[in-house]
Amino acid sequence: MRRRAVLRVSGGTEQPREYHHRIMPTEHAPERVIASPDEDFPRWYQDVVAKAELAEGGPVRGTMVIRPYGYAIWERMQADLDRRIKEAGASNAYFPLFIPESYLRREAEHVEGFSPELAVVTHGGGRELEEPVVVRPTSETIINASFAKWIHSHRDLPLLINQWANVVRWELRPRLFLRTSEFLWQEGHTAHATRGEAGEFALKILREVYEDFMVDVLAIPVLTGRKTARERFAGATTTWTCEAMMRDGKALQMGTSHELGQNFSQAFDITFLDDQGRRNHVWQTSWGVSTRLMGALVMAHGDASGLCLPPAIAPVEVVVLVVRAEGGTVERAESIVAELRSKGRRVELDARADTSFGRRVVSWELKGVPLRVELGPRDVAGETAVLARRDTGTKSTVPMGELAGRVSEELRASQQAMLANAVLRRERATSEASTLDQAIAAAQKGFAVLPASLLASGGEERLNSAGVSVRCLRRSDGSLPDAEVPEGADDLEGAGGADGKLVAIAAKAY
RNA sequence: CGGGGAGUAGCGCAGUGGUAGCGCACCUGCUUUGGGAGCAGGAGGUCGCGGGUUCGAGUCCCGUCUCCCCGACCA
């Protein structure tokens, strides 16, 4: 039975000497607020999403209502990614939700890949439509129809477009954020004069936008690599991916960046005249990250107390909690809030006198707020405040005059510690394998690293039938392999480059 | 599509033919508030839908719809 965590308080009138202590268990054990992540991880995930007020299911199966707190986190992700995407040179635009069904058909692999999960509109205005329209599962086709109109000359290139939108992929097994029939995302689409330039851009997005964001902001380490042909995006020549490890030992694909070659430019006849007057098809990329990142945040950092947010993404960095509304605590709390806000901190005041202190603490913990300032009459009398960190659970008493400085310090430390811990957890969950059987065994608790040559002649198929998938291919020194080469054994054995052999990262995955 | 379950208050559930219940949540009041507080009072239901059996159906029978889980399919 889980024990409730209880605060041990020391005398507030002591001189403001610094000390730390862990939260201690108590005798009373009320019913748990959320399921234990160790005992029932899926249930724990659902509980956290619900209790942190991130999202809930919509009336149609597979749909999702993103609640204000969850959406605030998503908005912060959007803002940060949007800035990075623009720094990479792309401009935002918006394309229609409805796509003529015929567009999807133009690229053979694309239509084959997406057909099973399309939502198709057959009626409009009370009549059957002459040509059904599909609700976009992704926008390659409709955006490329525009590209064909916009691009005429090498002077029009590169064309770098990004769209923030919702997309629909009908899902039979939905899970909030991780797999829903409708989700929100960003999709970038670019056109370039040469294959080399397109390839470089796809990698630039992968590393300088996606990986940097995931590591620096979300504090989630990712393995970058290339997808196998089997896992590749429908219509791409190469798919690059960011793969993360969740706390239950399963992998999550957090973002992908594709080289599309000339597949779509040929299908949609996107051509340009080069400086020699020759007509060429453009080389393209597309790339996206979605609200799935929300699921990653929950599962990479969450713990038995709920969500745990890295300060950089937290809508509320600090909550100032009035323990009880007496002895001038409210006024003092308000002035602390004002001071922290003036220093640019995102702060919320919790002075609710009608809800017990314990309940409020638990609720802020569930929401993953990185730092709490707890202020009671004893603190006010002693000119101190209690500072509590969400990620470590540690509390310390801080002299009032040092509070603002300590808040900044702790936020910085928390961001760093969360990343370091996530890296450590991933390392513990990663093991080497030299046979398929070893890989399958290792993948039960995390990433299995195996020679990519084992995937040939049915090897990948064997992993899949054991519920294990190849998350990505990379070099044994951790660097990215070459872009896709023609299918077959060469793909797996020959593309490692001179620096090292190609390894496969395999895992159970969401 | 195959197999298995479930539909009763916002959520989770009990209720083997005789007054529609419990826990949590919600509302009011008082006492509380340093890790999900206590007491008292209160509100909330066409028991998925349609038919049948019966003096009487949440309960039994027939039909129907929906949802969930496992598998299959899929990223």
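In what follows, every chain begins at residue 1, and chains take the letters A, B, ... in the order their sequences are listed.
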Find the partner of B:C1: check Watson-Crick (N1-N3 plus N6-O4 or O6-N4) and G-U wobble (N1-O2, O6-N3) distances, both under 3.5 Å, and reply none if neither fits. B:G71
Between A:Q444 (side chain) and A:I440 (backbone), is there a donor-acceptor pair under 3.5 Å? yes
Suppose we call a contact any N or O donor and acceptor under 3.5 Å apart; does that hold for the side chain of A:R378 and the base of B:G34? yes
Any chance the side chains of A:Q163 and A:S139 put a donor and an acceptor closer than 3.5 Å? yes
With sequence neighbours left out, write down each residue that passes ring-ring contact (aromatic ring centres under 6.0 Å, His included) with A:F233, or none if nothing qualifies. A:H110, A:F114, A:H258
Length of the CZ-P vector between A:R360 and B:G35, whole Å: 11 Å
Check if the side chain of A:R372 and the base of B:G35 share a donor-acceptor pair of N or O atoms closer than 3.5 Å. yes
Counterpart base for B:U66, defined by Watson-Crick or G-U wobble contacts under 3.5 Å: B:A6
Does any nucleotide pair with B:G56 by Watson-Crick or G-U wobble geometry, both distances under 3.5 Å, and what is it? none
Taking atom P of B:A37 as reference, at what distance in whole Å does atom CZ of A:F357 sit? 12 Å
Scan nucleotides 66-70 of chain B against the protein and return all N/O pairs shorter than 3.5 Å with their distances rounded to 0.1 Å.
unit_1	atom_1	unit_2	atom_2	d
B:C68	OP1	A:R61	NH1	2.0
B:C68	OP2	A:R61	NH1	2.7
B:C68	O5'	A:R61	NH1	3.4
B:C70	OP2	A:R173	NH1	3.0

Could you let me know what B:G44 is paired to, Watson-Crick or G-U wobble, both distances under 3.5 Å, or none if it's on its own? none
Begin with the C-alpha distance, continue with both residues' side-chain angles, and end with the deciding distance and a verdict on side chain to side chain donor-acceptor pair (under 3.5 Å) for A:E187 and A:S286. CA-CA 7 Å; A:E187 51 178 323; A:S286 70; over 6 Å; no
Heavy-atom count check: over 12 atoms from other residues, nucleotides or ligands less than 6.0 Å from A:W170 CH2? no
Under 4.0 angstrom, heavy atoms only, what part of the nucleic acid is A:S363 near: base, sugar-phosphate, or nothing? nothing
Considering only atom P, compute the distance from B:G34 to B:G38 and round it to an integer number of Å. 12 Å
Output the rounded distance in Å from CH2 (A:W185) to P (B:A75). 14 Å
B:C39 and B:A57: how far apart are their C1' atoms, nearest whole angstrom? 40 Å
Distance check, P atoms only: B:C22 and B:G45, in whole angstrom units. 15 Å
Is A:A509 touching bases, backbone alone, or none of the nucleic acid, heavy atoms closer than 4.0 Å? nothing
In Watson-Crick or G-U wobble terms, with both distances under 3.5 Å, the base opposite B:G29 is B:C39
In whole Å, measure the gap between the C1' atoms of B:G12 and B:U33 for me. 28 Å
Whole-Å distance separating the CG atom of A:L118 from the C1' atom of B:C73: 15 Å
Decide whether A:T397 and A:T384 meet the rule of one side-chain donor and one side-chain acceptor closer than 3.5 Å. no
If pairing requires Watson-Crick or G-U wobble contacts with both distances under 3.5 Å, which nucleotide is the partner of B:U19? none
If a pair satisfies side chain to side chain donor-acceptor pair (under 3.5 Å) and one of its residues is in residues 293-305 of chain A, list it, with sequence neighbours excluded. A:D303-A:R390
Base of B:G35 paired with side chain of A:K395 (donor-acceptor, under 3.5 Å): yes
List every contact pair, protein side and nucleotides 40-43 of chain B side both N or O, where the distance is under 3.5 Å.
none

Under 3.5 Å, is there a donor-acceptor pair between the side chain of A:T291 and the main chain of A:F183? no
Suppose you measure atom C1' in B:A72 against the same atom in B:C1; what distance do you get, rounded to whole Å? 8 Å
A:V337: side chain to side chain contact (heavy atoms under 4.5 Å, CB included) partners, not counting sequence neighbours: A:V320, A:R341, A:V347, A:L349
Between A:E112 and A:R105, does at least one N-O distance fall below 4.0 Å, as a salt bridge requires? no
Residue pair A:A353/A:R471 against RNA chain B: nearer the 5' end by closest nucleotide is A:A353
Whole-Å P distance, B:A14 and B:C60: 15 Å
Rounded interatomic separation in angstrom, taking CZ from A:R232 and P from B:C74: 17 Å
Atom CZ of A:R324 and atom P of B:G34 are separated, to the nearest Å, by 7 Å
Using a cut-off of strictly less than 4.0 Å, decide whether A:S356 has a side-chain nitrogen or oxygen near OP1 or OP2 of B:U33. no
Distances under 3.5 Å between nitrogen or oxygen atoms of protein and nucleotides 5-12 of chain B:
none

When the distance from CD of A:E56 to P of B:A25 is rounded to whole Å, what number comes out? 18 Å
Answer with base, sugar-phosphate or nothing: what part of the nucleic acid does A:L366 contact at a heavy-atom distance below 4.0 Å? base
Within 45° of the ring axis of A:Y45 and under 6.0 Å from its six-membered ring centre, is that where the NZ or CZ of A:R175 lies? yes
Rounded C1' spacing from B:G17 to B:G58 in Å: 11 Å
What is the distance, rounded to the nearest whole Å, between atom CG of A:D350 and atom C1' of B:U33? 12 Å
Is the side chain of A:Y69 donor-acceptor paired with the backbone N or O of A:K367 at a distance under 3.5 Å, no angle test? yes
Does the pair A:D350/A:R352 count as a salt bridge with the N-to-O cut at 4.0 Å? yes
Tell me whether A:R169 contacts the main-chain N or O of A:P116 through its side chain, where contact means a donor paired with an acceptor under 3.5 Å. no
B:A75, B:A37, B:U33: which one has an atom nearest the side-chain heavy atoms of A:E231? B:A75
Relative to the 5' end of RNA chain B, which residue comes earlier, A:R352 or A:Y510, by the nucleotide with the nearest heavy atom? A:R352
